[in-house]
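These notes concern the structure reproduced below.
Counting starts at 1 for both ligands and their atoms, following the listed order.
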Amino acid sequence: MTAKGIENLLREDRLFPPTDEFTAQANAGAELYSEADEDFVGYWKRQALERITWFKEPTEGLDDSKAPFFKWFADGELNISYNCLDRHLESGGDKVAFHWVGEPGDTRDITYQELSDDVNRFANGLRSLGVEKGDRVAIYMGMVPELAVAMLACARIGAPHSVIFGGFSADSIIDRCRDAEAKMLITADGAWRRGGIVPLKDNCDEAMASTPSIEHCVVYERTKQGVPMKEDRDVWWHDLVADQSATCEPEVMAAEDLLYILYTSGTTAKPKGIMHTTGGYLTGAATTHSQVFDIKPDTDVYWCAADIGWVTGHTYIVYGPLANHTTSVMYEGTPDFPNKDRLWSIIEKYGVTILYTAPTAIRAFMKWGTEYPEMHDLSSLRLLGSVGEPINPAAWMWYYENIGGGTTPIVDTWWQTETGSIMISPLPGITTTKPGSATKALPGISAEVVDKDGVPVAPGGGGFLTMTQPWPSMLRSIYGDDERYVSTYWSQLPGRYWAGDGAKLDVDEYLWILGRIDDVMNISGHRISTMEVESALVSHPSVAESAVVGAADDLTGQAIVAFVTLMGGTESSDALNDELRKHVAKKIGPIAKPKSIIFTPDLPKTRSGKIMRRLLRDISEDRDLGDITTLANADIVAALAVQANEQRKED
Ligand code: WT7
């Protein structure tokens with residue numbers, strides 16, 4: 001990993017300064033950096049007052065008296081759905097909020113007025129089922145507009161939502177609903193994916209057998225295959241809203257009231273419920289969405305091609321864009337269905353001006369070839385974005401040339417579920433970009449690369465990515481586990497936020513993110529912990545022990561490689577290999593399915609019994625293994641290396 005980063009650094013000397021035309025019209029100017037450097041709290045407070053409509057304006061900025069339990073704008077009062085909807089209606093209710101494209105080809109254009117009516121009716125429906133301010137609501141849906149409606153309705157009545165990615169399994173729903181003690185589950189009969197139906201309601205039914213806190217399940221009808229509805233518990237969305245009024249008074253929320261919980265992987269098997277609150281989160285979302293994507297609400301058609309089930313979708317499909325009165329595209333399906341030109345045809349149809357996607361998608365587009373983008377007129381695009389993992393310079397250049405026509409700026413945006421909004425990114429009218437670098441911290445954000453003692457590295461050095469100051473959209477804690485919040489993020493280096501990523505600083509003090517340094521893999525831009533996959537494997541009756549690593553992969557960034565020791569008497573076979581991969585998919589979701597499983601009679605361990613993950617990673621990536629004589633079972637390593645090599649050839 002490190003070696004690769006250095007290589008990029010040495011090779012990459014292309015510079016892309018913004019054009020004068022772009023700079024002249026850009027939302028964000030260079031003066032923001034100096035303003036924020038002088039007084040970062042004042043800078044953020046100005047953003048909060050200018051971008052948000054408060055019921056009661058805050059007088060306070062940052063409260064660090066109980067650090068690291070920071071508060072922002074604590075005496076302010078607001079409602080996020082009011083900011084995303086109501087305040088736009090008088091002047092712009094007719095404006096399209098979402099051009100929605102269903103995977104089978106159906107489309108809907110939803111105006112701000114229609115979205116507002118839907119949200120108000122659904123919010124009234126939630127209240128009629130007994131949901132009150134503070135109650136947690138789990139949402140497990142595909143990419144339909146009703147997913148955004150459900151989130152905004154929760155925000156309207158002050159019920160924190162917990163969105164569960166529609167690709168997760170029943171077990172994942174159970175973990176998350178239990179941890180949050182969710183009172184309600186909102187889902188759909190199914191979701192379309194590559195022409196097939198993902199059985200969302202079936203998964204919920206399976207989960208609800210083990211989630212006693214769920215009182216009601218609201219089901220949106222999308223795929224219409226027919227699903228069982230349990231009396232008194234399950235309610236159809238259309239029945240719930242049928243007689244509801246399109247007016248629902250928004251709850252007055254304190255700035256620090258919980259807006260949502262979103263679970264993300266950590267180094268243990270238990271996902272962390274990342275908590276985001278109301279005023280600071282919206283400030284970060286609206287500010288960065290406007291500055292980084294240079295949003296012009298009257299002319300842009302913006303498309304964040306992520307799933308709302310991840311934080312990218314929360315901040316840059318729902319809250320940021322709607323707060324900024326943006327017209328967005330929302331797409332239900334995959335980029336290769338029915339054809340590999342699906343994204344490009346949508347861009348042409350709606351005249352998309354800004355596209356935000358992930359390196360893993362860009363690498364897939366590269367692999368499919370330029371004939372697909374060439375089939376369509378992409379000249380409406382004026383800005384491109386990337387998020388989720390380091391973008392390799394080759395993919396950056398391909399994106400720039402083949403999608404951006406060699407003219408649009410690219411913003412490579414670094415952030416995390418925990419940070420709530422973009423932290424490190426070019427500002428497109430100001431920053432000279434370098435392919436592969438996320439460049440610099442945004443105004444009001446203070447990123448620093450430090451060594452293991454917390455000493456900042458000099459230009460040219462590498463180390464750990466940290467933040468030296470709090471920021472408004474930061475996580476407030478881990479749901480139900482303040483101690484884990486402190487130990488995970490604030491105890492590695494006292495006084496600093498620990499991101500868990502490695503980074504390098506080049507001679508121009510540009511940041512190059514190298515990826516996770518903990519036992520968390522990054523598969524297609526999504527974090528999955530090695531522990532989670534290991535516990536899923538070990539829960540299978542044939543598995544005695546397993547060690548999982550993320551190995552470099554051309555397409556997905558990292559791919560999951562599992563080393564598995566079987567129970568005595570169990571024989572390895574292709575069938576078992578297949579079964580175990582399916583087992584993990586069932587336990588966690590298809591995204592966590594190992595790419596390859598290597599059966600081994602033993603795992604390489606130190607003499608104290610610690611599994612040598614780094615060695616396993618080296619084996620998976622076919623690297624020189626160096627001195628292994630200190631291992632308790634060195635002989636196993638050579639055998640594993642041979643096996644891994646054979647697997648690679650098969651793949
Ligand atoms: C991790 C956070 C933030 C939305 C999607 C992922 C990696 C994210 C970049 C980037 C290099 C990146 C980091 C980070 N990451 N963006 N532009 N360059 N790495 O959210 O699941 O919370 O994952 O994704 O490793 O820590 P997440």
Side-chain angles (χ1 to χ4, degrees), residues 1 4-5 8 163 165 167-168 261-267 271-276 284-285 288-289 292 304-320 356-363 384-393 395-396 399 410-426 431 433-442 445 447 449 464-467 473-475 478 488-489 497-504 510-529 532 550 556-558 591-592:
M1 189 170 69
K4 236 194 225 160
N8 285 349
V163 178
F165 172 55
F168 281 142
I261 306 169
L262 184 59
Y263 287 82
T264 188
S265 294
T267 49
K272 300 179 284 198
I274 302 300
M275 296 168 71
H276 283 292
T288 55
H289 180 252
V292 174
C304 168
D307 192 292
I308 293 177
W310 310 107
V311 74
T312 307
H314 280 57
T315 306
Y316 296 110
I317 296 177
V318 180
Y319 292 116
Y356 190 31
T357 187
T360 187
I362 298 165
R363 289 191 296 266
L384 301 174
S386 169
V387 64
E389 50 178 319
I391 179 165
N392 39 313
W396 196 104
Y399 196 29
I410 295 182
V411 288
D412 173 4
T413 63
W414 179 92
W415 58 297
Q416 307 176 294
T417 305
E418 292 87 341
T419 69
S421 58
I422 297 170
M423 303 287 280
I424 301 173
S425 167
T431 315
T433 54
K434 304 184 185 188
S437 168
T439 72
K440 308 214 171 198
L442 290 179
I445 302 296
V449 183
F464 308 110
L465 181 62
T466 66
M467 304 297 146
S473 67
M474 66 194 297
L475 78 165
I478 293 172
T488 308
Y489 303 108
Y497 171 81
W498 173 263
D501 278 6
K504 289 190 68 79
Y510 274 46
L511 291 157
W512 297 73
I513 314 293
L514 301 172
R516 304 293 304 172
I517 46 159
D518 49 21
D519 285 330
V520 177
M521 303 171 285
N522 188 321
I523 315 298
S524 298
H526 302 303
R527 273 196 280 172
I528 296 174
S529 105
E532 262 174 291
T556 54
Q558 283 190 311
I591 192 168

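For atom 25 (O) of ligand 1, the nearest non-hydrogen atom from the set Asp501, Ile391, Val520, Ile528 comes from Asp501. Distances from atom 24 (O) of ligand 1 to the heavy atoms of Gly388, Gly313, Ser386, Gly420 put Gly388 nearest.
The ring pair (Phe, Tyr, Trp, His ring centres under 6.0 Å) search around Trp414 returns none, not counting sequence neighbours.
For ligand 1, the polar-atom distance check finds no N/O of Thr264 at less than 3.5 Å from any of the ligand's N/O atoms.
Ring to ring, Trp310 and Tyr316 are not that close: their centroids are 6.0 angstrom or more apart.
Side chains of Leu511 and Val449 form a contact here, defined as non-hydrogen atoms less than 4.5 Å apart. Considering only heavy atoms from C-beta on, Val387 comes within 4.5 Å of Trp415 through its side chain. Here the side chains of Leu442 and Ile422 are in contact, with some heavy-atom distance below 4.5 Å.
Within the structure, ligand 1 lacks Ala438 among the residues with a heavy atom less than 4.0 angstrom away. Under the 4.0 angstrom criterion for non-hydrogen atoms, Arg516 is in contact with ligand 1.
With respect to Arg527 and Glu389, no salt bridge is recorded, no charged nitrogen being found less than 4.0 Å from a carboxylate O.
Applying the 4.0 Å criterion to heavy atoms of Thr312 picks out, from ligand 1, the atoms 4 (C), 5 (C). Ligand-side atoms of ligand 1 in range of Thr413: 9 (C), 10 (C), 16 (N), 17 (N), range being under 4.0 angstrom from any heavy atom. Remark: ligand 1 atoms within the under-4.0 Å shell around heavy atoms of Asn522 are 7 (C), 24 (O). Here is the list of ligand 1 atoms found below 4.0 Å of a heavy atom in Gly525: 6 (C). Of all atoms in ligand 1, listed by their number and element, those nearer than 4.0 Å to a heavy atom of Ile513 are 11 (C), 19 (N).
For atom 3 (C) of ligand 1, the nearest non-hydrogen atom of the protein is Trp415 O, 3.1 Å. Shortest contact from atom 10 (C) of ligand 1 to any protein heavy atom: Glu389 O, 3.5 Å. The single protein non-hydrogen atom nearest to atom 21 (O) of ligand 1 is Arg527 NE, 3.6 Å, given as residue, atom name and distance.
Geometrically, Lys434 engages Tyr510 in a cation-pi contact defined by less than 6.0 Å to the ring centre and at most 45° from the axis.
Contact annotation: for Gln416 versus ligand 1, heavy atoms closer than 4.0 Å belong to both the backbone and the side chain.
No side-chain N or O of Ser265 forms a donor-acceptor pair with one of Ser529 less than 3.5 Å apart. Between the side chains of Thr419 and Tyr497, no donor N or O sits under 3.5 Å from an acceptor N or O.
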